Amino acid sequence: MEFLMKICLLFLCGLISHFVNMFFQKRNQQCYMLGYECFKATDDRKLDTDACVKVVLRNKNLGLDQYRFLLKTIVSSGLGEETYGPRNVIDGREEFPSENDAHAEMDEIMFSTLDTLFEKTRVSPTEIDILVVDVSLFSPAPSLTSRIINRYKMRDNIKSFSLSGMGCSASMIAIDMVQQLFKTYKNQFAIVVSTESIARHWYCGKEKPMMLSNCLFRNGGCSILLTNKRNLRDRCLLKLECTVRTNIGYDNEAYGCCIQVEDPQGYQGFLLTKNLTKAAAKAFTGNLKLLLPKILPVWELLRYAISTLRKKSTKGQNLSSNLNLKSGVDHFCLHPGGRAVIDGLGKSLGLSEYDLEPTRMALYRFGNTSAGGLWYVLSYMEAKKRLKKGDKILMVCLGAGFMCNNCVWEVMKDGLEDTRVWEDCIDEYPKRDVVNPFTEKCSWINDECMNFVRIDGRMFY
């Protein structure tokens with residue numbers, strides 16, 4: 001009997017030790033955000049109505065039908081007059097961009113945001129242990145991570161990763177990668193740089209599905225500083241709660257709905273097909289099935305299960321149509337991919353205009369900045385003083401692949417009110433009943449009464 005008691009005692013001690021180790025292991029694997037900085041170009045890079053018209057008229061491949069398509073697209077895009085374009089496009093060199101144009105674009109975004117980030121957080125570049133850069137359409141040699149390491153003379157044992165081809169959802173992939181590395185390496189500082197190369201990928205052809213990218217994508221990016229050092233948690237802005245990544249590349253329609261190709265004339269561009277919304281809905285639904293059980297309270301999931309069982313058929317309903325997402329989430333940071341994307345996500349999640357305001361305003365002011373877009377939305381929330389300690393933020397992003405990558409953050413402190421890139425204009429937002437200036441200035445293009453139009457010395461019938 002004594003021997004059996006000893007065995008039971010040893011087993012109990014081992015079990016307690018196991019759970020204690022698991023507790024401390026998880027406790028030391030947290031991912032905290034110390035700071036982030038978004039990129040804001042100079043005013044001479046703004047693509048207002050007049051600047052956009054000049055860019056469009058330079059394209060000798062376009063006819064009246066294409067002009068009408070562009071007008072309709074731009075008017076309904078949700079972008080304002082203060083978004084930023086790459087220098088070579090502003091200067092009229094979009095058809096023949098150089099390698100230097102791409103490097104200059106990346107250097108400006110990466111180095112300006114990193115300089116500010118290091119200064120504000122008082123963390124030295126030599127203290128960085130992990131560096132992840134995600135740029136989908138530009139992968140030079142040496143890599144962009146090496147370019148950063150060279151600029152800031154970082155340590156020779158830094159763990160660096162360059163991600164390409166991940167589209168607008170790349171930032172969440174980079175964050176998830178850092179979180180996984182934090183489980184192995186203790187007391188680390190990590191930098192994530194999320195941006196996109198526009199300079200070398202401005203489409204100069206006439207295929208309508210490929211012209212869409214010129215109407216939506218603009219210059220922007222963000223640098224984020226993360227750590228798993230518990231002694232710095234009081235300085236942190238956010239704590240990462242969970243991430244869920246979904247890739248439906250096995251579906252041929254989804255794979256090809258958002259893809260870089262060459263048109264029949266030999267112009268390279270980004271093709272956005274009509275299957276995009278269908279692919280987004282499929283990936284988003286699959287992601288929510290995994291994400292919602294992680295973030296919603298048990299009683300809400302139980303209520304949803306009971307209400308679903310009571311219905312004879314749930315065909316055609318959104319997964320979240322009967323869910324109260326606000327029982328587990330306070331703020332919604334959605335990818336500002338375009339007005340249609342925002343409307344679709346808002347409807348699927350049952351969100352109010354107040355919930356969608358940060359995303360709509362980020363799109364209006366900065367455009368679709370690809371992987372960096374989410375951070376302009378977060379910055380708007382902070383500038384508007386919406387965030388309080390303990391609040392949960394759901395980030396939703398969609399990207400080529402086709403992928404849906406989402407995560408949830410917890411706000412770590414009260415008083416988050418840094419205006420960052422919104423400093424000079426936050427009091428002007430939100431914009432109400434915005435009328436796109438293209439409607440007034442270019443509406444003559446849609447005049448069906450005219451037999452021909454003469455634009456810039458060219459005749460269109």
Side-chain angles (χ1 to χ4, degrees), residues 16-37 110-111 113-134 143-163 170-194 222-245 294 374-375 378 382 387 389-393 395 405 407-416 418:
I16 293 172
S17 176
H18 173 72
F19 282 112
V20 168
N21 287 334
M22 282 183 61
F23 171 78
F24 282 106
Q25 186 179 19
K26 186 176 180 180
R27 190 169 177 262
N28 292 322
Q29 289 177 352
Q30 297 290 351
C31 179
Y32 301 103
M33 182 197 294
L34 270 171
Y36 68 101
E37 291 299 325
M110 296 189 305
F111 299 152
T113 54
L114 286 171
D115 285 347
T116 306
L117 187 63
F118 289 135
E119 181 182 358
K120 281 188 176 182
T121 59
R122 302 187 302 279
V123 174
S124 168
T126 57
E127 295 180 80
I128 303 303
D129 305 284
I130 301 168
L131 174 63
V132 185
V133 175
D134 59 85
S143 66
L144 292 174
T145 53
S146 293
R147 204 169 178 87
I148 293 174
I149 291 168
N150 177 262
R151 160 70 182 263
Y152 294 102
K153 307 306 176 188
M154 294 177 168
R155 304 198 315 266
D156 59 0
N157 64 343
I158 188 171
K159 293 172 279 294
S160 62
F161 305 88
S162 296
L163 306 181
S171 190
M172 285 302 98
I173 296 173
I175 296 288
D176 182 62
M177 175 180 284
V178 169
Q179 183 189 36
Q180 298 304 319
L181 289 169
F182 279 174
K183 292 179 180 179
T184 302
Y185 302 98
K186 298 179 181 179
N187 298 316
Q188 303 282 290
F189 280 121
I191 288 283
V192 169
V193 180
S194 294
C222 182
S223 291
I224 307 133
L225 177 60
L226 305 165
T227 186
N228 59 352
K229 298 185 178 187
R230 280 191 59 81
N231 62 317
L232 296 179
R233 68 193 307 270
D234 292 335
R235 286 176 49 190
C236 294
L237 308 179
L238 307 173
K239 179 178 73 172
L240 187 62
E241 289 288 303
C242 65
T243 59
V244 175
R245 292 166 51 181
K294 295 173 182 276
L374 287 170
W375 308 103
L378 179 66
E382 187 177 354
L387 307 179
K389 185 177 181 180
D391 282 358
K392 300 294 179 65
I393 305 169
M395 283 190 171
N405 301 317
C407 73
V408 175
W409 298 90
E410 180 184 344
V411 179
M412 294 294 289
K413 60 170 69 173
D414 286 318
L416 296 186
D418 193 332

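Counting begins at 1 with the first residue of the sequence. Keep in mind it's a predicted model, so treat the numbers as computed, not measured.
- Here the straight-line distance linking atom CG of Leu387 with atom CG of Leu378 works out to 6.5 Å at 0.5 Å rounding.
- Interatomic distance, CE of Met412 versus CE of Met33, reported as 12.0 Å (0.5 Å rounding).
- Taking OG of Ser124 as the start and CE of Met154 as the end, the distance is 8.5 Å to the nearest 0.5 Å.
- The shortest distance between side-chain heavy atoms of Met395 and Val408 does not fall below 4.5 Å.
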Residues Arg122, Arg235; criterion side-chain contact (heavy atoms from CB on, under 4.5 Å); working and verdict | CA-CA 11 Å; Arg122 302 187 302 279; Arg235 286 176 49 190; 4.2 Å; yes
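- In terms of heavy-atom proximity, Gln30 sits nearest to Phe182 at O-CD1, 3.9 Å.
- Side-chain contact check for Ile158 versus Ile130: every heavy-atom pair is 4.5 Å or farther apart.
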Check step by step if side-chain contact (heavy atoms from CB on, under 4.5 Å) holds for Asn228 and Lys183.
-> CA-CA 9 Å; Asn228 59 352; Lys183 292 179 180 179; over 6 Å; no
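- Of the residues listed (Ser194, Ser223, Ser171), the one engaging Trp375 in a side-chain hydrogen bond (donor to acceptor under 3.5 Å, both in side chains) is Ser171, and it is the only one.
- Of all heavy-atom pairs between Tyr152 and Phe111, the closest is OH-O, 3.2 Å.
- Within the 4.5 Å cutoff, side-chain heavy atoms of Asp115 are placed close to those of Arg151.
- Taking 4.0 Å as the cut-off between side-chain N and carboxylate O, Lys120 and Asp418 count as a salt-bridged pair.
- Between Val244 and Lys294 the shortest side-chain heavy-atom distance falls below 4.5 Å.
- When all heavy atoms are compared, the tightest approach of Gly35 to Leu237 is CA-CD1, 3.9 Å.
- Counted within 6.0 Å of CD on Gln180, heavy atoms from surrounding residues, nucleotides or ligands total more than 12; the atom is thus considered enclosed.
- When atom types are taken as modelled, the side chain of Arg245 and the backbone of Asn405 share no donor-acceptor pair closer than 3.5 angstrom.
- Note that CG of Leu114 and CD1 of Ile128 are 9.0 Å apart. Values are rounded to the nearest 0.5 Å.
- With rounding to the nearest 0.5 Å, the separation of CD1 in Ile224 from CD1 in Ile175 is 4.5 Å.
- A search for side chain to side chain contact (heavy atoms under 4.5 Å, CB included) contacts involving Thr243 returns Asp176, Gln179, Leu240, Cys407, not counting sequence neighbours.
- Side-chain N/O atoms of Tyr36 and Glu382 include a donor and acceptor closer than 3.5 Å.
- Residues Leu144 and Met110 form a side-chain contact, since some pair of their non-hydrogen atoms from C-beta on lies under 4.5 Å apart.
- Two residues are said to be in side-chain contact when any heavy atoms from C-beta on lie closer than 4.5 Å; Leu416 and Lys389 fail this criterion.
- Rounding to the nearest 0.5 Å gives a distance of 4.0 Å between CD of Gln188 and CG of Asp129.
- Thr121 and Leu117 make their closest contact through OG1-O, 2.7 Å (heavy atoms, listed as atom of the first residue, atom of the second, distance).
- Counting heavy atoms from C-beta outward, Leu226 and Leu34 have side chains that stay 4.5 Å or more apart.
- None of Asp134, Leu181, Leu131 except one satisfies the side chain to side chain contact (heavy atoms under 4.5 Å, CB included) rule with Phe161; the exception is Leu181.
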Let me see the working for Glu410 and Ile393 under side-chain contact (heavy atoms from CB on, under 4.5 Å), right down to the final yes or no.
-> CA-CA 6 Å; Glu410 180 184 344; Ile393 305 169; over 6 Å; no
Does the side-chain contact (heavy atoms from CB on, under 4.5 Å) test come out yes or no for Val133 and Ile148, once each step is laid out?
-> CA-CA 9 Å; Val133 175; Ile148 293 174; 3.6 Å; yes
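- The two residues Ile149 and Ser160 have their closest heavy-atom pair at CD1-CB, 4.1 Å.
- Figure legend: cation-pi geometry between Lys229 and Tyr32 absent, as NZ or CZ is not positioned both under 6.0 Å from the six-membered ring centre and within 45° of its axis.
- In this structure, Val123 and Thr227 have side chains that are not in contact, with every pair of non-hydrogen atoms separated by 4.5 Å or more.
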